[in-house]
Amino acid sequence: MRTIKFLLKRLALSLIVLFGLSVMIFILGRVVPGDPARMSLGANAPQETVDRMRQQMHLDEPLVVQYGYWFSGIIQGDFGKSLYTKRPVIVDLTEFFPATLELVIFSGLLMGLGGLILGIISTKFNNTWVDNIIRIVSYLGVVTPSFVFAIIFLLIFGYLWPIFPTMGRLSQYLSFPPNHTGLLLIDSLIAGEWETFWNGFSHIILPAIALALGGMSQEARITRSSMLDNMSKDYILSHRAYGIPEKKIFYKYLLKPSLIPTVTVFGLDFAVLFGNAFLVEMVFNWPGLSRYGINVMLQKDLNAISAVIILLGAIFVLMNIVTDLVVSFLDPRIQLAD
Amino acid sequence: MKSNKFTFWKENVGRSWYKFSRNKLSVIGLTLFILLILAAILAPLITPYPKHAGNFVDLITGSQAPDARHLMGTDIYGRDMFSRIIFALRPALLMGIMVLAIVVPIGTILGLIAGYYKGKFGDHIIMRLTDVFLGLPPLILALAVSSILKPTLTNSMIAVSVAFWPWYSRLVYNMVISIKNEHYVISSELLGESRVHILFREILPNCLSPIFTKMTLDFGWVIIMTASLSFVGLGEQPPDPSLGTMVAEGARLLPDKWWVAIYPAFTIVLLVLSLNLIGDGVRDMFTATEE
Amino acid sequence: LAYAKVVKRDKSVVFSAVWPPQLDPAVGQGFGSAICYANIYDSIIFPQSDGTTTNHLAENIIVSADGLVYDITLKKGVKFHNGDELQAEDVVFSMNRIKTIGEGFGYLFIPTVKAISSDGPYQVKIELNKAFGPFLATLVNLYILNEDQVMAHINPDGLYGEFGDYGKEWLITNDAGSGPYMVTEMRIQEHLIAERFVDYWAGFDANNPDKFIFIGTAEPVTIRVMMGKRELEISDQWQSEESFGALDKIKGVDLVKFLSGSTLGIQLNTKRAPTDDVHVRRALAYIMDYEGIIKGVYPGASRLVSPVSLLMPGSDPTIVGYDTNLAKAEAELKLSKYYGKFDEYPVDICWAAEWVTADKMALLFQASAAKIGVKVNIAKQPWAKMISDVSNMETTAHANILTIGPHYGEAGTFISRYLSSSCGTWEQTEWLQDPEIDQMIYDALGTVDDKERYKKYSIIEHKILDICPTIFLVDVLEKHAYQAEYLEWGVAKSKAIPVQGYNIYMRDMKIFPERAKK
Amino acid sequence: MGDNYLLKVEDLTVDYKVYGGYLKVLDGVNFYVKHNERVGIIGETGCGKTTTMKSILRLQANNAIFRKGKITVGDQDILKMNDKNFHAFRKKGLAMIFQEPMIALNPVFTIGQQIEDVIYHASDTKLSKAELKQKAREVIASVSLPDADRILSNYPFQLSGGMRQRICIALAISMAQKLLIADEPTTALDVTIQAQILELIDQISKQKKMSLILITHSLGLTRNTTDRMYVMYAGSMIESCSTKQLYENPLHPYTIGLLKSIPRLTGGEFSNGIPGRLPDYMNPQPGCRFQNRCTKVMDICRRQKPSEIEVEPEHYVACFLFDQKGDKQ
Amino acid sequence: MKDLDFIKIENVKKYFPIGNDLFVKALDGIDLEINKGETVGLVGESGSGKSTLAYTLMGMYEPTDGKISFKNENIGLKAQKRDLSIKKEMQIVFQDPSGSLNPRRVISNILSRPLLLHKIVPKNELKAKLIELLDSVELPQEYLYKYTPSIGGGEKQLIAIARAIAAHPEFLILDEPTSSLDVSVQGKIINTLMKLKKELNLTYLFITHDMSLMRNVADRIAIMYLGKIMELATTREFFENPLHPYTKMLLSSIPVVSAEEEKLLPKEIKSSGEIPSPVNLPEGCRFITRCPYAKEICETKEPELTEREPGHWSRCYY
Ligand SMILES: Nc1ncnc2c1ncn2[C@@H]1O[C@H](COP(=O)(O)OP(=O)(O)OP(=O)(O)O)[C@@H](O)[C@H]1O
Ligand SMILES: Nc1ncnc2c1ncn2[C@@H]1O[C@H](COP(=O)(O)OP(=O)(O)OP(=O)(O)O)[C@@H](O)[C@H]1O
Ligand SMILES: [Mg+2]
Ligand SMILES: [Mg+2]
């Protein structure tokens, strides 16, 4: 009951935030210089064609009116047409979002699990060479942008040791399974196409790791430091004094409270993955939303830009809510009411 | 009185240093950072070809592998990589400092106000605005801003700042919410202190520790973020050397002309790494326990 | 570093170009789209490497003496991909469609074509508004769609009245052509797959590729890896010199280079101080390090001396342009009213930030100008910003580095760039606005006789060189890396075709996968 | 010394490493607890009580440095045992109630989970889920808390301080043990609750026939609950005697000062406390650590550390006022 | 009894909403008068609302209901709305000295704020005044340049007291000023407070749960239980003739150090039972869950605070 109330309240707040976001994006989009119609049609396009397109996009009307058109479209799920792909933005989103989603989910899993495991090992072997190595490696992970990883992986697995495919979601000799969810791996399982599944799986590994490494290092560091923090808490002492074996203290009584900051950071990092994915998508020719987002940004494709950002904003907001829920589950002291 | 004050500071600095230096990595980080700063300041003196940091092109000697004359090789324009990297430390450091100088005060003040007036109108406005900005992926936000403004160092600072401030207001907000209920804040209220005094003299000093820690970590992030901006063509103008641009351009030359990307990338990593290590130390410095 | 050897599986050609290709010939005009049109659609005439054209769908074309009426007889028995026969109505439909929609290559036909009509299933008549010498050359870009098929797929909720959306939506991922290849899969942002159309009227060589796959990436490392793994047969042309160098080193991979017909130059704003002074412009042209650019930036390319690419029919090979000459530059500068005041009048140079290679030229320009005391500020911009800047004379930078591509395979395309009507777009950032030149250009374009027209072009070229609105740099060399080991590509042996898209023409290629097996 | 000693701590010396050097906190602690004996240790905050107890349970902080000393429990020298053996040994023998009930329970697990785990590991046989639950209920009931099921399903923050403290006690005594160490078990609690808790500890220790160490800095609390007392000051025991003796005839100037500074229900002025504060642990002056606060300080106090002297039967005090030999030197 | 209306608290209630239409009834109708120059002791278990009463007096909370006046002026307002002159007259010393001093401000800063704010001294005499202040709580002047985390708890509390008296208030609330400290320093603080009271003619509201301490400092004592006053009497009366069972329970729980004291304690009642939550108070008498004498009437109707003997009030049917 309390959870539901909390959810409703948070969702309402999120709508306000998304509305604010839409206003901002809209304004930002319109003040960015450059005539989108002209850009899309080329230098030689006759003025009438350009004018027609401008009219179609309501570019000649006052900002408020433009916003009105745009917003009422959004309410009806119509994000307008993309100048980049020439088709309704919503079609683009439904096509590209699953690709990114699949990548990000996979990457998020790696990030969470990998970070956690590294953090735990690092705590376990605190102040030994294992710990130091993990710490330094995770520093490197945090400070190296994901596109550098992407390039390095591509070189390693393209030149030196070509065990993974390096391009796209699926090898060209295979065709996509019937579309149910847009998630290739899931669709291929539904269709029972093992080869497709396996092929898709091997395609996703490299980009996912490249994308995950930064966050993974971050998680590892956070997990380590919160575990070390909690290690000196009185309740750990009392668990010891009450004769609970070290192993259990470590993996149960220490781990759970220490997960709280990790989860919080994970939530944010996960949302950020969507934004960070673009360079990785570019390098791996991944037909995803982030790459689409950057392309449309560079082409000043207003409708598409707004839609992408609203979508990413919604994901961010959603992740925040999910994070809060998980944290409140981990930490009973946290009251959801606020 | 003077000597009192002096011993008091000496003691404080000493204790902070003890906590900071307990972790050897932090000391290494600090040393590294100081070295990099020195290198940046002394760039014209320690680089073999200071001219190459400016308006210089010699396409004929471009893309030479590292050798005795060019320790880190030359780039495709025939400029000495080593000299350019050292000079590029200047805008990188400047960028970090300037962005933080913009972002921290703004974020902090907004966070202070929103936190102190939690539940009031101002709080809602500020925090929802913060959420809006947080909701945008920072890189995308920075991209959007940079595409409005000309790609210059100053403007990429502004762009990165726009994406960064909300993190500080959030951080400070959460701290203020708990600090404002401390009895020392309440005492000041009961005494009749002004809001300004309470916010800036009573509450703010107690928020500094996480702010400082976050600042050291973000310093590195700012540099990475500018590098990412350069990767899509937004950043400093040539011929000014910029680490991010060097990596972005060099990445296209991998692996054959590895030195063009690897050395600047390594420098970024070194710089950011040193700051992260310092950040850890700063956090230790502010923690109460002596363990 | 060792490259992995991967066995080539089938007779497909994979190539990369900038995304997205538009499958609808009334919408797209970019490089990627042009490749698709050339391979998927048929046009009435077909360009040749010597700059002339041959009949393609046309059996025969008769031009009236005044150059206003074109009577076209179509070949019989040409089949669309769905089996329908291509007839005159389809040509009429395609022309009307592109004129109505107005996008893509529509600008070629809207001002010139007055009416088009069919006279029987194989007779088409086109009437022009006024005589236009290069008209035949523009017909290369009129691709014929299957009227019935398009009309069967229109979305009635569109801008074009009874035609609804004119089938635009359907054509995003489908084709309605009759060309040698037909689209089988279009995944936006990922790849386009087209397979041989077995019923193609002109037939195939047995070793022509069975299918081609268009992928949309230009990331250098990605391209390198794919070439190395033989997952890519032909690279895109936008790789940097260094990238091409590296690609060339891959065993079995060669570079193919040909004049693309594009020209590269620095356009000077003739209306803003100090480049409003012809002496300053000439001085800048004299100081430019042409050799440096060709050696350092475009190795193997040839120097461009006039507005027109030497590849184009109608270009004048006798023209001599500006050379690098410090003394002359200084002399010109002394004549200028800004002499000695260049600190107050710096020259801003602008180019699209996305275009990495231009950095080199800008830096060279800056370094050269410094030799005669002209101060150059660098102001590269994202493409979008640059476009909006050049739409206004005051915000147009003093110097803009731009590549100009031909709209059709004839010198007139480069000459007509200097018309006042081009101002405000990136086609002309010089803001010349000279009525005399305008008049000369109109006159030339309206001349039907080729020889006469070419002579008029030459006079205009000389005039432009004299007022020096543009520093001409390079006749752009298009380069691609390709798998020479098992792919035979006609362009590699003979001259290229001066029309966009036609050099990656699958029927011009033969693939021998077995040669790759080692 | 006979076999009657359950716990014997000899010359325990422990430092903490901190900024600027070492805090020489424990300065040769000597004390013993007999079987079935209830011992009180009092001393001002910061004098090293908790440090001593943590050393006995081998739960020292990371920066604690063991200098010398010997701790025997029964006949085992626990500082010589390896971790595993000690772990098993501690489980069977020693239990401790921690100072702060707020932080001694894990905040993110229910009381039930925590108690059941302790029982599970304390018992020799493998218990089923239901048995565990039953035992947990019994444990809750043993500290006279009503509504065991609700409490078991609650998180620590949902309970009052008094309840939490009782649960800590319940946890400590749910293990079979010989010695219960209660480190200021009531500091955070109200007088009425405090009385209840002490009563409970008293009762249970008697019932289970185990020894008890009750640590506090309030002299009032030990009076009814203990048989014998130690007064600790700045890292060593300065006085030890039966509880009765301590209240009736305190000898050490510190003890006297302490007793004087307690406000009495009988009213009347009470003293200004003991002026000054604990010595600087980093650079303690040589000699008696109480010298700077002592009203009867003598020359020798500044030179030499006093040793324990038996002034009356079973009444030891570490002060030169009572050391004739020392006086003469 | 001197000025009758120094501080007058009439039927003051303070309910804290905790959602779902529930309230913590921290104060549930308090009536109390404090006369100039006296020390009123306020005793009660944790959570009984002692601090809430203090905070409401200080203006940290606005009372939900009831009237508070200071020298006949209404002060049932939040501090922000009160006159600066009233703020000057009332000060508070909190229980936890660490929490009530800003750890990141130097003591000289902490102490000079009230002086400057209420314009007690001109700027040039500030330092002398600060030293005088430290002197009055018997701390050396070196302390001016220390941060509070580096000094001991007792000294911190002395600084807090110095700050509280800096502006020369008339009325001082002491909210358990020594309960977090050792007995060895408690004496000094209490003696300092008593000395100051005499010197500056202060009036104290002294909150504590240490009955022995109360015995030594208070003129009158009020016992609180779950937001209500249960018994109010002069100190003597209170110890010699406690009327309310809760008082007796409290007294019997006091840990004492001598036999004489033990004799003073009521024997017949032993502490037992749990305190009900202040959200769900029992109907009738709120002490019923722990009262050994509870009768039927106690379950249904709450007793009134009645004057059983002159100046001795109790809220019990017996
Ligand atoms: N981990 C530690 N590092 C440094 N100093 C410590 C540490 N633990 C305790 N101390 C210091 O050692 C001294 C003794 O601490 P201890 O906790 O043993 O005192 P205590 O007698 O239990 O006090 P209290 O009554 O406050 O619990 C104190 O001065 C304390 O500050
Ligand atoms: N701001 C608040 N919001 C909600 N409930 C509160 C608030 N402040 C106090 N309470 C509740 O009011 C009741 C009285 O609290 P108060 O702090 O006044 O008690 P106290 O007698 O001072 O206790 P202690 O001796 O522990 O200081 C408690 O149940 C407390 O939980
Ligand atoms: Mg302790
Ligand atoms: Mg209180």
Side-chain angles (χ1 to χ4, degrees), chain A residues 32-36 38-50 52-53 56 84-88 91-92 95-96 99 150-152 154-155 157-163 165-173 175-176 279 281-288 291-292 295 297-300, chain C residues 1-4 6 9-10 12 14 16 19-20 22 24 27-30 101-108 110-111 159 168-169 172-173 185 187-191 193 213 215-217 219 221-222 224-226 228-229 231-232 354 382-389 391 407 422 425-428:
Chain A
V32 172
D35 177 357
R38 179 51 83 185
M39 273 192 71
S40 145
L41 294 174
N44 291 82
Q47 195 56 43
E48 307 90 77
T49 318
V50 176
R52 190 169 60 210
M53 186 175 253
Q56 206 185 328
Y84 170 61
T85 61
K86 317 272 180 197
R87 53 181 185 175
V91 178
D92 287 344
E95 185 169 326
F96 303 140
I151 288 178
I152 291 173
L154 199 59
L155 289 174
F157 295 103
Y159 279 100
L160 296 177
W161 195 34
I163 50 169
T166 39
M167 271 305 99
R169 294 174 81 187
L170 199 62
S171 294
Q172 269 129 10
Y173 61 89
S175 59
F176 277 74
L279 290 169
E281 289 182 354
M282 240 152 88
V283 172
F284 286 100
N285 198 30
W286 194 266
R291 182 164 160 223
Y292 175 73
N295 278 330
M297 183 97 53
L298 294 175
Q299 311 227 348
K300 204 172 155 38
Chain C
L1 290 174
Y3 290 98
V6 175
R9 278 176 181 249
D10 55 10
S12 64
V14 183
S16 77
W19 202 261
Q22 301 295 341
D24 185 344
V27 171
Q29 55 166 326
I101 291 177
E103 301 174 24
F105 290 114
Y107 65 87
L108 292 175
I110 292 173
L159 289 174
K168 271 166 109 177
E169 199 178 308
I172 291 172
T173 47
E185 183 175 80
R187 297 187 68 87
I188 294 184
Q189 285 210 105
E190 200 171 1
H191 61 232
I193 303 181
I213 297 172
I215 61 165
T217 183
E219 276 305 308
V221 180
T222 312
R224 202 98 41 89
V225 168
M226 290 187 79
K229 291 172 81 173
E231 288 173 357
L232 185 70
E354 293 86 340
W383 181 230
K385 174 93 167 85
M386 189 166 171
I387 288 176
S388 81
D389 276 3
S391 66
H407 298 298
S422 306
T425 71
W426 64 94
E427 296 252 307
Q428 197 205 129

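The structure displayed is predicted, hence computed values, not measured ones. Reminder, nothing fancy here: chain letters follow the sequence lines and each chain counts from 1.
Here the straight-line distance linking atom CD of C/E190 with atom CG of A/L170 works out to 8.0 Å at 0.5 Å rounding. Between the CD atom in C/E185 and the CZ atom in A/F176 there is a gap of 7.0 Å [rounded to 0.5 Å]. In this structure, CD on C/Q189 lies 7.5 Å from CG on A/D92, to the nearest 0.5 angstrom. Between the CE atom of A/M53 and the CG atom of C/L159 there is a distance of 9.0 Å, given to the nearest 0.5 Å. Separating the CD1 atom in C/I188 from the CZ atom in A/R87 is a distance of 3.0 Å, to the nearest 0.5 Å.
Partners of A/F96 by ring pair (Phe, Tyr, Trp, His ring centres under 6.0 Å), not counting sequence neighbours, listed by chain and number: A/Y292. Applying the ring pair (Phe, Tyr, Trp, His ring centres under 6.0 Å) criterion to C/Y107, with sequence neighbours excluded, gives C/H407.
In terms of non-hydrogen atom pairs under 4.5 Å with chain C, the most contact-rich of A/Q47, A/E48, A/E281, A/R169 is A/R169. Interface summary for chain C: among A/N295, A/V50, A/T85, the most heavy-atom pairs under 4.5 angstrom belong to A/T85. Comparing C/R187, C/M226, C/E427 by heavy-atom pairs within less than 4.5 Å of chain A, the highest count is held by C/R187.
A pairwise comparison of heavy atoms in A/P46 and C/G102 identifies CD-O, 3.5 Å as the closest pair. Here the shortest heavy-atom pairing between C/T217 and A/N285 reads CB-OD1, 3.9 Å.
For A/Q56, the part lying under 4.5 angstrom from a heavy atom of chain C is the side chain only. Only the side chain of A/R52 comes within contact range of chain C, with heavy atoms under 4.5 Å apart.
Using a distance-only test at 3.5 Å, with no hydrogens or angles considered, no donor-acceptor pair links the side chain of C/E219 to the main chain of A/F284.
A/L155 has its side chain within reach of C/V221: a pair of non-hydrogen atoms, C-beta onward, lies under 4.5 Å apart.
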